[in-house]
Every structure is written in structure tokens, then in C-alpha cells.
2 protein chains.
Amino acid sequence: MVTIYDIAKKANVSAMTVSRVINKSEKISEITRKKVEAVIKELNYIPNNSARNLITKKTKILSLMITDIGNPFFTSVARGAEDKAMQMGYQLLLCNSDENFEKESKYMDMLISTGSDGVLIAPANDNSKKNMKKLTKHGIPFVLIDRRIPDIDCDQVLSDNEATTRRLIEHLIKQGHRKIAIINGPLVVSTARERQQSYIDTLKIHGISVNNDLIKESHFRDSDVTNSIQELLNLPESERPTAIFATNNFIGMNTMKILYRHNIKVPEEIAVVSYDVPNYTENESILTVAEQQAYNFGYIGIQLLIERIEGAAPEKARKIVLPSEIHLRASSLNQRD
Amino acid sequence: MVTIYDIAKKANVSAMTVSRVINKSEKISEITRKKVEAVIKELNYIPNNSARNLITKKTKILSLMITDIGNPFFTSVARGAEDKAMQMGYQLLLCNSDENFEKESKYMDMLISTGSDGVLIAPANDNSKKNMKKLTKHGIPFVLIDRRIPDIDCDQVLSDNEATTRRLIEHLIKQGHRKIAIINGPLVVSTARERQQSYIDTLKIHGISVNNDLIKESHFRDSDVTNSIQELLNLPESERPTAIFATNNFIGMNTMKILYRHNIKVPEEIAVVSYDVPNYTENESILTVAEQQAYNFGYIGIQLLIERIEGAAPEKARKIVLPSEIHLRASSLNQRD
DNA sequence: CTGTTAGCGCCTTCAC
DNA sequence: GTGAAGGCGCTAACAG
């Protein structure tokens, strides 16, 4: 391994001078700098960050804790995070919690040990509060994205769940629907709670009574929603929903697939609206969706994080709410319109 | 920051003993181990990897260099890589080269500096050879996935491009096609070359003359293939293709979208087959595809890499070829079948 | 089984 | 502008 001493010897300077060159110190004469740089290049020297970190306590490594990189929403988040991190000279450590607090905790210890300068995190659920406290104890800044944690005050990049859900539900109501079901993620996740609350509030505002049989708590993972849908279909005619609100992409995709499999016409028999369904295939999508700014969750999140790390952020925690865009498509539009 | 000395003092042992407990050394009495572990827990001690790495030269960090995490193929690779890495106690640094050698090189320096124990890499193109040499010079093992590099002998996990392409093309020939176009990625990428060669060979074997007007070199990024397709459509009736072979997912998706936009019926006017198109939406796909074992590229790749790092691999480089699965669908099936 | 000594590669501090 | 000394937190090598 080539060290600064090797460079120093060959360039006839002290190690300290080499260090100054590497760190782009101003107080170096043009001549010695050129000389040192030449040797660095010649010997293919690359600084050893471990040694550096030991002193500076900075690794230039950020951790991205998401629930699943396989979820297209988080894939975009990751891409945004990585673009900004790279641009600012940071590297990104990838962690998938799989919506699981224990797995998240394990990663947390690893990333503290590694010496992450900061963490961008979409927490698994409300339990993650413990992990946030741990980060704070270790003096590691973090930014929450997508999901908030009760009583945790920190920089956040969130979605306008209340407004977007309301618009989605009001759209269904305008289309004549009264029996609207919701297939949701677990209520220990803030986004699930917020979307459900807005769903309930919107129905009430429009004088529609809330039927608990139409509220299904499922998962945000790419899991089976067959049971939830079967239960909805088994409801007596008078209760059976004419529309379904899917609160994330996996739920939305799988709901559509199951309805097709049951030969249920969308939207004639059941209309469907969903959060976040990407159009990654050859077909034009027919699904009405609320598209969140996934890329910006990552991009802006990393920006806030780095500002915080580098002391460029205001003391007060910042909360950024990114609006979603609703795409109205066939899955929720009446023929007669 | 809590150090081993804090633990040592409080537990009335030497720092060395604490170090042994952390590293699960056998030569520690049950009693002192318990005592030390208690203090570690009490003080919330987490080892400083930077200090550790400085001595051991091991970081337990692996780098994953892919061209774009946004490409669903690589998303699966990443997920497989991460699962195996986590299982083996390693963390994963994410790098997107964007099919760009310069960007890849920049990451390469960063990851060497950080001290990656190894690199799993889908190289940007043949130029990446320089980066492989650099890794070798720094004694960092790497495993090539998906794409090979001429004259680089190392562990590899590759796809059966020759056989799968042949089956795809023979399927089209069986369907009666003689004018088959290929829209390919850049030929500086090994997979593009292999698929193109197999396309040519298969045509020849079946006595079909190769028409260079039907061979289009495009990109593997999510870029525009409009021009390529337009050129194909502008061909005189006698040359115009009746089938298109798209060599990756983005090309496949975009080809389908453009054909739809041109109101060209698939497969009646033009049949389409593609590599790797995921079905991430609510619709059932109609596209005939060769599905690669993306997850296993990552999972097995990391396994080979860790074996290599930990000295558990045979000296001779291993080459693993994962077969693809062809899904025949409407986009390439004649009505009359 | 446990402790002592030395040093990993670099940067901080303080001289010159 | 440049250099010398010391130490970051930890573990290898050795001693007992």
C-alpha cells in the first residue's frame, strides 16, 4: 500500500506537506504542490479513509435506510439520493429494512460502527423511534422521508397525504361512488394512518357513513391482498364496494391483478385508484394513481442531510411537504363521462 | 465517544480483554466475558470500524457497481446482492455508473479510498478494463456480473446470451418471420455483442441473409429508440421487418410504446421479443421475453466475492452461467397458432 | 486466560 | 510555507 510517507520521500518533502496537498490546503507553494501531485499520480496513491476518519470523525458515507429497494417507489428514492450524494462527494450505503424493526436495528448498529456521517431513513414503523434515539445518542444526524415518527423532531421530507387522499376520494365520490373500500398498509406506519384518516374524514364531509367492513389493513410489501379482496367481494350486495382505494403501489398492482383474475370489470363493477403505480411495462397504464415525487424524496432528503452534517442548516428542524400529482385514468372514470 | 478503554476501566480489565470479547475470541473466561459484555451494553458501546480497519485492512464493506439502480434488472440484482451481503455480515455501497466509464472511474477511486473489501461489478463497457486493472493493483477482489471484459480473468456470473438469443430468434423464424430486426445496446458492451452475434449466426444457420439495415445500435439506458424504429419503418416494403428483437428491457418497453403510438399492430404487423421486461404494473404483459435470473446475479455474485475475499475460493477463476427463461406471449405469437 | 507494547495511516497542533 | 511530535481507537505479537 502506498502511503503519504512514500509520496513524501519520493517528492523530498514531509508527510505533512503531502497531507496538505491532498486536502487542498491553500498554504502550499505552487511548485511543491505540482511536485507532490506528480508523485501521487505516478505512484497511483489513493488516501486511506480509515486512517483519515479516525482523526476527522468524518467518513463521507451516508446510509440510506429504506424498506425495500425492490419497491419501485424506493428505487426512485434511492436514485435521487445517490445522485445528490455523488454530486456532494458522499457515498451511499444501502439498507433494506423490509418493513421490519429488528432488521432495521441490526443495520443501525452496523452503520454506526461503519461511521455513517448521516442517515436518510424511511422508518419501518413507529417502533423505529428507538433507532432514531440511538442515532441521536451517537450524534449522527438523520432525515426522515416518506414516513414520520411521533414525537421525533428532525428534518423531514414528507408527502401531502391528507390533501392527495382527499382528492382521490372526492374524485370517486364525484363519479358516483358511495361504497368505497380502502386496502391499507399497517397502521403502525404514519402514511397508512394519515391516508386512512383522510379517507374517513373525506367520506364524513360528504355525508357518507364509514363502514368498517370496507377498511382492510394489509401490508406495504409485495404481499398477498387476495384475502382482503375476497372479504370485500363476499360482502352482501348492499355493502359490497363499487370502488377500492389502494394506499401503495404493490397493493394497487395486486388489486388490479386479482380483479382481472376474478373477471371483475374495472371500472364498471369496481373502480380502482391507487398510490404510486409505475408504468414500467410496454402497456399504457389504465390505473388512476397519485404519483409522489419519489426521486425528490431522495434528492432533497440527502440535501437536507448534508446541510445538517456540514453545519449549514438552521437549528430548527425543517419539514418539507412534496405534493403528489394525480393521473386520472380509465380505472376510475365512468363510461358516460 | 465510548472506547474500549472506557469499557476496560469500568470492567476492571485491560483494553485487550475487551477487544477479545468484541471479536468473540475463545480464550476468555466465561466470567470476565459476561462482565465485559454487561459494561458494553450498559455504555451502549459500538466499535469504531475506522480504527479496526486501519489494522485489519478489512472493512466488511462491499461495493456494488451497476449501471443504473433505476433499471428493474439491476434493482433485482441489487436486492439479491444485499440479501447475501447482509446474511454474511457485510454492508453494501451503491454505485451507479450510468453506462459511463468516467463516472465508473470516479466511483472506483472513492470505493478504493473507503476501503471496499471487494467489488461486484457490471462494467459500463470494455473500457472498464482499466478500472479492473486498478482494482487488481490495489489488491481488491472483484466479480463480474452480466457483462464480461475481454482478457480479464476473474470470477464471473453471466447469462447464456448465445443460447437464449438463438431460441428467441428461432421462435420468430418458426412463426414465419424472415425479416427480423435487432435493436441493440452499444457494441462496446459484451452482452450486446454476444446477442448480436447469436442473432446473426442463427439467421445464417436458417439460411436467412443478414440485412445490415435491420441492425440498429442504440443504448441500454432508458433512452429514445424512436429514431431506430423510424428508420426501420421507413425501409421499403420489401425490407421492412416483420419482427423486432429488443436486447434489453428499456429497449423492449420503448419499442412497444412507440409501435402503439404509430398504431402498428403487435404482432400482426410487427412481432416483438425482448430481454428482461418486468411486469410491474396492473396489466398482464403481452410481451414475449427472455427473463434473466437478475436476483441470482447479485446473490451468487456476492457469494463468489465473499468466498474470494475470505480465501475460501479455489485459485482458478469461476465462471457461472445462469440460463434465462423464455416466456412466450402474444407479442410474438401468430393468431393462427 | 490476561496484559503490555507498539504501530496501522493520517491529521492536529505547534514550532520554525 | 513547511516540518516534527503526538495521538485517534483498535489489534497483532508477544509475554507471563
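Chain identifiers are assigned alphabetically (A, B, ...) following the order of the sequence lines, protein sequences preceding nucleic acid strands; residue numbering begins at 1 within each chain. Hydrogens, waters and symmetry mates play no part in the numbers below; they use all other heavy atoms, side chains included.
Atom CD1 of A/Ile28 and atom P of D/dG3 are 8 Å apart (whole Å). Computed from coordinates, the A/Lys9 NZ to D/dG3 C1' distance equals 17 Å when rounded to whole Å. B/Lys58 has its NZ atom 13 Å from the P atom of D/dA12, to the nearest Å.
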When you check every protein heavy atom under 4.0 Å of nucleotides 8-16 of chain C, what one-letter string (B, S, -) results, 5' to 3'?
BBBSB----
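With a 6.0 Å radius and a threshold of 12 heavy atoms from other residues, nucleotides or ligands, B/Lys9 has its NZ atom at or below the threshold. Applying the 6.0 Å contact sphere to NZ of B/Lys10 captures no more than 12 heavy atoms from other residues, nucleotides or ligands.
A close approach under 4.0 Å does occur between a side-chain nitrogen or oxygen of B/Thr17 and OP1 or OP2 of C/dG3. A sub-4.0 Å separation between OP1 or OP2 of D/dT2 and a side-chain N or O of A/Ser14 is absent.
Using a 3.5 Å distance cut-off with no hydrogens or angles, the side chains of B/Tyr299 and B/Gln87 do pair a donor with an acceptor.
A salt bridge links B/Glu30 to B/Arg33: at least one charged side-chain nitrogen sits closer than 4.0 Å to a carboxylate oxygen.
Nearest heavy atoms, A/Ser190 versus A/Arg148: OG-N, 2.9 Å. Shortest non-hydrogen contact noted between B/Ser116 and B/Leu93 is OG-CD2, 4.3 Å.
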